[in-house]
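Only this structure's heavy atoms are used, side chains among them; waters, hydrogens and symmetry mates stay out. Proteins get letters first, then strands, A, B, ... in listed order; numbering begins at 1 in each.
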2 protein chains.
Amino acid sequence: MLSAKMEDYLKAIYRLERDGTPPVATSTIADTLDVAPPTATSMVETLADRELVEREKYKGVTLTPEGETVALEVIRHHRLLETFLTEELGYDWSEVHEEAEILEHHISEEFERRVAAALDNPDVDPHGDPIPSDTLDPIDDIPASALADYGEGRRLLVARVRDRDPEELTYLDGAGIRPGVELVVEEVAPIGMVTVRLDSGETVALPDHIADAVQVRSPEDAADEVSEA
Amino acid sequence: MLSAKMEDYLKAIYRLERDGTPPVATSTIADTLDVAPPTATSMVETLADRELVEREKYKGVTLTPEGETVALEVIRHHRLLETFLTEELGYDWSEVHEEAEILEHHISEEFERRVAAALDNPDVDPHGDPIPSDTLDPIDDIPASALADYGEGRRLLVARVRDRDPEELTYLDGAGIRPGVELVVEEVAPIGMVTVRLDSGETVALPDHIADAVQVRSPEDAADEVSEA
DNA sequence: CTTTTCAATTAGATTAGTCTAAATCAGCGT
DNA sequence: ACGCTGATTTAGACTAATCTAATTGAAAAG
Ligand SMILES: [Mn+2]
Ligand SMILES: [Mn+2]
Ligand SMILES: [Mn+2]
Ligand SMILES: [Mn+2]
């Protein structure tokens, strides 16, 4: 059996592999999980012994297929829980992350199945992130980029919202910016500010660090994909 | 903060205090939690340092008010979870215990509040055990005794069913014996067998060890209490 | 008032996960 | 090619929870 800690390390490595280019450096893992570098070294050593990561000393690690499966399992738990807490227990969109971060390690497979069934097997969580299937096949991320990347004047669909910082989420939620919403970029100010107009007609100004949390795509692409499926 | 282990020890001590006469012996705790005696000794020492139990060396321990509050908190979590899993996720009556045994230590106070609200603040769990209030006031147990204690011929109300062994629960559930059901004791055989008749007319024979799991009371007493409240 | 018995504690070791401080290695800049 | 620098690993220590083996103590039996 794997400890909650090991699961968190694998999940972190999974995410870091996606973000950057593998292998993932020990110090990056240490930063992400807020532990001292030797702690990360020692943990990746155990993960390597368990064949959950491939490790090259002084270089870093990459997940093995088994390691990736574990990561996907934990992510599935996490996102199903976030969806469940939001839909069934009335949690606020911004407060589910912390709870899911813990429970993801403690629910049984039975619980996972029943929650998935109760939610009618959802494939995205409340933040717009894809939920791994019960067979834990590799996810292909929905292609989307930061709000400012499309330039001004484009009509865009909010694909997902990064769930790292609850404050950001509360702000965005209050402003009416959620996955599924469409908006137009009015202005990308060089000062570090993006202004968008919602369908309600309202105009919202977002400081860069918050705008970065909003991942958008073109509505046409989204429509194409639906017709494919 | 208290670890999951410490919470389990406090919950066990709470239950053992109810069952027998305090103080609770170290070896009893060790047996209950399935650890070696020195393990229990060392843990009750830490609990005493934290002032969660009163300890007299070579005698045993009793919960302090703070320790009792922690125990009640964990029991509240456990029983709310059991109720929730049964009512909202369609768990079988007999399979909720194990899941609740783990999750009880990991849900937040927010989760507790929301689950309680979703269930409309229940005061008994699916096995008929009382759920501590959110203020964690001491519970007064619903008075009830083992099936055989009333003698033959009495009409009785099933108050609760001990949730220790899932096999027993499955058997009893299959036989239609659940909290709230009324039945008549047909025969208490000296061989170690109790036969009861349900309202459906069906007769069920129960070996002693299973009959002991069924806690009953007189229907009149139950009615009295309802009118009091 | 001894002796015996066995529960309880002490002693000492183990594992997981963490830390700080010290040593070392890889890769860049000259 | 050489050495500097910073990332990485090693060394050594700590805490929580557990174990086995040895010791001690309390309380019953004689
Ligand atoms: Mn986590
Ligand atoms: Mn799972
Ligand atoms: Mn437990
Ligand atoms: Mn609580």
Peer 1: Kindly give the heavy-atom pair with the smallest separation between A:Val44 and A:Thr41, and that separation in Å.
Peer 2: CG2-O, 3.1 Å

Peer 1: With sequence neighbours excluded, what pairs up with A:Asp134 under the salt bridge (charged side-chain N to carboxylate O under 4.0 Å, His left out) test?
Peer 2: none

Peer 1: Let me have a per-nucleotide readout for nucleotides 9-22 of chain C, 5' to 3', with B, S or -, counting only protein heavy atoms under 4.0 Å.
Peer 2: BB------SBBBB-

Peer 1: Report the residues that fulfil side chain to side chain contact (heavy atoms under 4.5 Å, CB included) with A:Glu87, sequence neighbours left out, ordered by chain and then residue number.
Peer 2: A:Thr83, A:Leu119

Peer 1: Checking A:Pro166 now: which residues fulfil side chain to side chain contact (heavy atoms under 4.5 Å, CB included) with it, not counting sequence neighbours?
Peer 2: none

Peer 1: Who pairs with B:His78 by ring pair (Phe, Tyr, Trp, His ring centres under 6.0 Å), at least two apart in sequence or on another chain?
Peer 2: B:His97

Peer 1: Enumerate the residue pairs fulfilling side-chain hydrogen bond (donor to acceptor under 3.5 Å, both in side chains) with a member in residues 22-40 of chain A, sequence neighbours excluded, ordered by first and then second residue.
Peer 2: none

Peer 1: Can you pull the contact range of chain A along DNA chain D, 5' to 3', using atoms under 4.0 angstrom from its heavy atoms?
Peer 2: D:dT8 to D:dT10

Peer 1: List the residues meeting side-chain hydrogen bond (donor to acceptor under 3.5 Å, both in side chains) with B:Asp208, not counting sequence neighbours, and say none if there are none.
Peer 2: none

Peer 1: Not counting sequence neighbours, which residues clear ring pair (Phe, Tyr, Trp, His ring centres under 6.0 Å) with B:His105? List them please.
Peer 2: none

Peer 1: A:Ala146: which residues meet the side chain to side chain contact (heavy atoms under 4.5 Å, CB included) condition with it, sequence neighbours left out?
Peer 2: A:Asp149, A:Asp212

Peer 1: Could you pull out all residues at least two apart from B:Thr46 that satisfy side-chain hydrogen bond (donor to acceptor under 3.5 Å, both in side chains)?
Peer 2: none

Peer 1: Can you list, by residue number, the residues of residues 10-18 of chain A that have a non-hydrogen atom closer than 4.0 angstrom to DNA chain D?
Peer 2: none

